[in-house]
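Start at 1 and go down the list; that is how both ligands and their atoms are numbered.
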Amino acid sequence: MQTAYTKEELRAALAPVRGKRIVLVPTMGALHEGHASLLRQARELAGDEGCVAASVFLNPVQFDNAGDLAAYPQTPEADLQVCRDCGVDVVFMPTPDVMYCSDRSVTMEETHLSTVLCGARRPGHFAGVCLVVSKLFNLVQPTDAIFGKKDYQQLAILRRMVRDLDIPVTLHGAEIVRDVDGLALSSRNVRLSPEHRAAAPAIRRALVAAAAAYAEGAPVQAVCEDVLSILSAIDGVTVDYVELVDAENLHPVTDEARPALLAVAAYFGEVRLIDNIELSRTI
Ligand code: PAF
């Protein structure tokens, strides 16, 4: 495995595999089993001939809250070991100064899917994600890239960016990886208090119950209210949103025959957790 700390080192590391399949897994580090699963899927997709590239970069531009950025775990040595164990060929690990020019003045903004859910609560977040991912696409020039569906809105926005800008890469959405008790794996989970870690699987239970109710015809508002009341009843939890939206355009459901998404964001103490479930009516 080669580790590139600069753009020049990255270009040199990738030069021998140009023309082959290159599968990119962008991450912000603090790698856990969810990331490992993305990396293993990338290895499988790339095959023996292709190349798996991972980026480990805590992107300051996508944080709307300085405290959240400062508290984000950073474990570079362990991250490199996870990459090695998962068969990654090239890891790109730049600093913010390597990644961004100090007088950068170009932005990358998606203006429809970003106005709802997390985008409505975290101003500038998705513009920061689109900026860094478009830079990574330009630097790595991958044939494929893999993103987890826990960040469902992020994946939808990146698909739109790739479509609207004709970026020559195929995006793959990977299923959410969960702990045995159902909590979606996240780098933020290590910051949960023991009480909140014990309570957090309620998110998954509430979503599964809601999906069953929706399948059987429960009204959209009732489905959301049930999840809201379960989560709000937990000590120290503040629900940011519970929304049932169209799975493609992420705006409120207008046609219930179409696939839908129930998405949740909630603060367990200071720690913001997100999760979602794809839904459909069966009747
Ligand atoms: O999902 C993440 O970890 C980040 O938003 C990403 C895609 C690596 C961009 O910084």
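- In terms of N/O distances under 3.5 Å, ligand 1 is approached by Gln154.
- With Thr6 contributing its side chain and Glu9 its backbone, the two residues share a donor-acceptor pair below 3.5 Å.
- Heavy atoms from other residues, nucleotides or ligands lying under 6.0 Å from CD of Gln81 number more than 12.
- Here is the list of ligand 1 atoms found below 4.0 Å of a heavy atom in Pro26: 8 (C).
- Nearest protein neighbour of atom 3 (O) of ligand 1, counting heavy atoms only, is Met28 CG, 3.7 Å.
- Judged by distance alone, the side chains of Ser37 and Glu33 never bring a donor and an acceptor atom under 3.5 Å apart.
- Ser55 places no side-chain N or O within 3.5 Å of a backbone atom of Phe92 that could act as its donor or acceptor partner.
- From the protein, the heavy atom lying nearest to atom 10 (O) of ligand 1 is Gln62 OE1, 2.6 Å.
- Under a cutoff of 6.0 Å and an axis angle of 45°, Arg188 and Tyr72 do not form a cation-pi pair.
- Checked by distance only, ligand 1 and Thr27 stay at 3.5 Å or farther apart across all their nitrogen or oxygen atoms.
- Numbered from 1 in the order shown, with element, the atoms of ligand 1 that lie under 4.0 Å from a heavy atom of Val132 read 9 (C), 10 (O).
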